[in-house]
Asks: 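Pasting a structure here, questions to come.
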Amino acid sequence: MGAKKNFVIDTNVILHDYKCLKNFQENDIYLPIVVLEELDKFKKGNEQINYNAREFVRELDEITDDNLFTKGAPLGEGLGKLFVVTGNVESKRVYDSFPEHKPDHQILAVTDWLMTKYPKMKSILVTKDVNLRMKARSVGILCEDYITDKVLNVDIFEKSNEVFEGTDPTLIDNIYSSKEGIDISEFPFKDIIHPNECFVLKSDRNSVLARYNPFSHAVCRVNKSKNYGIEPRNAEQSFAFEVLNDPNIKLVALTGKAGTGKTLLALAAALRQMNEYKQILLARPIVALSNKDIGFLPGDANEKVAPYMQPLFDNLNVIKHQFAASSSEVKRLEDMQKSDQLVIEALAFIRGRSLSETYCIIDEAQNLTPHEIKTIITRAGEGTKMVFTGDIQQIDQPYLDSQSNGLVYMIDRMRDQNLFAHVNLVKGERSELSELASNLM
C-alpha cells in the first residue's frame with residue numbers, strides 16, 4: 001500500500017461510472033462544487049449518461065453527513081473520505097494561465113489548492129478529458145485518466161484468428177470424419193485456447209477451419225454455411241457464422257473495421273434462426289454528429305432517430321436483395337417488420353425492458369461504456385442471445401478510447417466463459433475502395 005493521496009474527480013468520470021467513489025481505495029476524494037452543478041444539468045433525460053448522473057446523486061445522498069464540507073464524509077471500510085469543495089479557491093498559477101472563469105479551470109484550481117494545502121501528499125486530478133489533462137500538465141498539476149475499467153492489452157484486435165501450423169495430418173483427417181470432433185486433450189495448444197475460439201489447423205498436406213467447443217471439450221470442424229442468402233467470403237466470416245448460429249453461445253462479440261461484414265453477418269444469422277426466437281432486435285446507440293443533439297432534430301421520436309438507424313436498414317436491404325422482390329423470403333421479412341418480430345430501433349428505447357427469447361444485435365457497441373454494456377446484458381431473459389458488434393478504432397464518444405470502451409471491456413472480462421465467443425474480422429469485404437480507405441487513411 002502506497003502513501004495516501006488526494007484525488008479530484010471531474011464530472012466526466014462520474015458520468016462514465018457512477019460507482020467511481022468506491023474505486024480509490026484508502027485515498028481521499030475531493031469534488032469541486034462546480035462538478036455537482038454540472039451533474040445537475042445531466043439529471044433529466046433517458047440516456048445512460050442521465051441515468052448515471054441521477055444514480056450518483058442518490059449515492060451521494062446516502063453518504064452525505066454534516067462533515068462533507070469540513071472534515072469529510074467516510075466512504076466505507078477500507079476507503080477514504082469524500083469532501084465537497086465550495087466556492088472559489090486561490091490558485092494564482094491556474095488563473096494566470098487560464099483567466100476564463102469556466103468549470104474546467106475551477107476544477108484545476110481545486111487541485112492546485114490541494115497541492116498547496118497538503119505539500120507532502122500527492123494531489124491528482126482524475127479526468128477523461130484529454131484537453132483538461134494537457135492543461136493540467138502545462139501548469140505542473142498531476143493528472144491521470146480514470147483507468148479502473150481500462151483494458152491493458154488490445155493486441156487481439158490487430159490480428160485475425162490463430163493459425164496452428166505443423167498439425168498432425170491424421171488429426172485433421174479425424175476432424176473431417178468425426179461429427180463430434182476430437183477431444184481437446186489431443187492438441188498441443190489445449191492450455192492456451194479460449195472457449196469457442198476459432199482457428200485454422202494446417203499440416204503439410206491438409207487444413208481445416210475449426211473451433212474449440214467447451215460444451216463437448218472437442219475441437220470441431222467449422223462448415224462454410226450460407227445464412228439467409230448471405231454466404232461467408234472468408235474464414236473469418238465462416239467463424240462468425242459458427243458462433244452466431246450456436247444456441248449454446250449466449251453472448252457474441254464481433255469486432256473489425258468498416259466493411260468486414262459484422263452487422264450483416266449477425267443479422268443474416270439471426271434471420272436463419274427466426275423460428276427459434278420470438279423477436280429479432282437490432283439497436284445502436286445514438287451518437288450526435290457535429291454537436292447536433294437529437295433533441296434539436298425535427299419530427300417525432302421515430303423521425304428523429306431514423307437517420308441514425310439507416311445503416312441497420314441498409315444491412316436489411318442487402319439481405320432482401322439476395323432474393324427476388326416477389327419471393328417468399330422478402331415477404332417474410334416484410335411481415336416480420338409489420339408484426340414487430342423484426343425491430344430496428346435506437347438503443348435508448350430498450351432501457352428498462354426485459355428481453356426474453358430475443359436475438360438481440362447491438363451495433364456500434366464501441367460507443368458504449370462498460371456500465372452501459374453491463375446494463376444491456378443484464379436485460380437478457382430466458383432464451384435470449386446477445387450479439388455486440390463494433391470497430392474499436394472508430395469511437396465517436398469524447399471520453400471513450402480503444403482501451404476503455406464497453407466492447408473491449410466485455411471481451412476482456414468474458415473471454416474465458418463458455419457462454420461467450422469473440423471473432424475479430426480483419427479482411428474487408430465491402431469493396432476494394434473501402435478496404436483501401438480503411439488501411440491508408
Side-chain angles (χ1 to χ4, degrees), residues 161 196 198 209 211 220-256 258-284 309-345 347 350 355-365 380 383-391 421-425 427-431 434:
N161 48 271
N196 299 307
C198 297
L209 305 185
R211 166 188 152 213
C220 311
R221 181 186 174 192
V222 171
N223 295 305
K224 295 180 180 178
S225 57
K226 184 185 280 193
N227 283 354
Y228 217 82
I230 301 298
E231 196 165 349
R233 294 187 176 184
N234 55 49
E236 297 165 1
Q237 293 191 349
S238 295
F239 292 151
F241 274 158
E242 169 75 13
V243 298
L244 290 165
N245 290 334
D246 188 335
N248 291 318
I249 302 173
K250 303 298 184 185
L251 181 63
V252 174
L254 297 184
T255 54
T260 49
K262 304 178 294 294
T263 312
L264 181 65
L265 296 168
L267 178 56
L271 291 171
R272 172 180 168 167
Q273 301 165 80
M274 64 176 80
N275 295 327
E276 311 300 320
Y277 298 89
K278 282 185 180 176
Q279 187 182 64
I280 296 169
L281 173 63
L282 279 92
R284 59 176 4 211
M309 299 302 109
Q310 191 55 49
L312 299 180
F313 286 105
D314 291 344
N315 279 284
L316 182 59
N317 288 332
V318 168
I319 291 174
K320 284 182 178 178
H321 290 150
Q322 305 302 308
F323 308 97
S326 58
S327 67
S328 60
E329 287 88 354
V330 171
K331 186 177 185 306
R332 179 78 193 272
L333 289 179
E334 289 169 351
D335 289 344
M336 287 175 71
Q337 285 182 273
K338 288 174 188 171
S339 64
D340 281 348
Q341 277 183 282
L342 174 59
V343 176
I344 296 177
E345 65 183 15
L347 188 57
I350 73 168
L355 303 169
S356 58
E357 295 179 64
T358 302
Y359 200 111
C360 184
I361 301 165
I362 308 297
D363 194 31
E364 299 290 327
T384 285
K385 179 164 184 147
M386 291 214 157
V387 180
F388 291 84
T389 71
D391 175 2
H422 169 227
V423 174
N424 192 42
L425 301 162
K427 189 168 170 50
E429 293 292 352
R430 187 174 285 170
S431 69
S434 170

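Along the sequence shown, residues are numbered consecutively beginning with 1.
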Asks: Check the pair M386, I362 against side-chain contact (heavy atoms from CB on, under 4.5 Å), reporting the backbone distance first and the verdict last.
Replies: CA-CA 8 Å; M386 291 214 157; I362 308 297; 5.6 Å; no
Asks: Is D246 salt-bridged to R211, cutoff N-O under 4.0 Å?
Replies: yes
Asks: Go through the side-chain N and O atoms of N245 and Q273 and say whether any donor and acceptor fall under 3.5 Å apart.
Replies: yes
Asks: Given side-chain contact (heavy atoms from CB on, under 4.5 Å), test Q341 with D335 step by step and report yes or no.
Replies: CA-CA 8 Å; Q341 277 183 282; D335 289 344; over 6 Å; no
Asks: Nearest 0.5 Å please: distance from the CE atom of M274 over to the CZ atom of R272.
Replies: 11.5 Å
Asks: Hey, could you give me the NE2/CG distance between H422 and N161, rounded to the nearest 0.5 Å?
Replies: 11.0 Å
Asks: Between L254 and K262, what is the shortest heavy-atom contact and its length?
Replies: CD1-O, 3.5 Å
Asks: Between CG of L282 and SG of C360, what distance do you get to the nearest 0.5 Å?
Replies: 8.5 Å
Asks: To the nearest 0.5 Å, tell me how far K224 NZ sits from F239 CZ.
Replies: 9.5 Å
Asks: Write down the atom of A365, the atom of F388, and the distance for their closest heavy-atom approach.
Replies: CB-CD2, 3.8 Å
Asks: So do K331 and L333 actually touch side chain to side chain, heavy atoms under 4.5 Å?
Replies: no
Asks: How far apart are the closest heavy atoms of Y277 and G383, and which atoms are they?
Replies: CE2-O, 3.3 Å
Asks: Minimum heavy-atom separation for R332 to Y228, with atom names?
Replies: CB-OH, 4.0 Å
Asks: With a 3.5 Å distance limit and no angle check, can you tell me whether Q279 reaches the backbone of L342 through a side-chain donor-acceptor pair?
Replies: no
Asks: Walk me through whether E364 and R284 qualify under salt bridge (Lys or Arg N to Asp or Glu O under 4.0 Å).
Replies: CA-CA 6 Å; E364 299 290 327; R284 59 176 4 211; 3.2 Å; yes
Asks: Which value, rounded to the nearest 0.5 Å, describes the distance between S238 atom OG and L209 atom CG?
Replies: 6.0 Å
Asks: Side chains of N315 and T263 only: does a donor on one sit below 3.5 Å from an acceptor on the other?
Replies: no
Asks: To the nearest 0.5 angstrom, please state how far the CD1 atom of I361 sits from the CG atom of L281.
Replies: 8.5 Å
Asks: With distance as the sole test, does E236 use its side chain to make a donor-acceptor pair with the main-chain N or O of K427 at under 3.5 Å?
Replies: yes
Asks: Do you know the tightest heavy-atom contact between V330 and A325?
Replies: CG1-O, 3.7 Å
Asks: Could you pull out the closest heavy-atom pair between Y359 and A270, with the gap in Å?
Replies: CD2-CB, 3.4 Å
Asks: side-chain contact (heavy atoms from CB on, under 4.5 Å), that's the test. Do L425 and T255 meet it? Break it down for me.
Replies: CA-CA 6 Å; L425 301 162; T255 54; over 6 Å; no
Asks: Within the structure provided, determine whether Q322 and I230 are in side-chain contact (heavy-atom separation under 4.5 Å).
Replies: yes
Asks: Is there a donor-acceptor contact under 3.5 Å from the side chain of T358 to the main chain of S356?
Replies: yes
Asks: Within a strict 4.5 Å, meaning less than it, do heavy atoms of the Q337 and F313 side chains meet?
Replies: yes
Asks: Passes side-chain contact (heavy atoms from CB on, under 4.5 Å), L271 versus N227? Steps please.
Replies: CA-CA 8 Å; L271 291 171; N227 283 354; over 6 Å; no
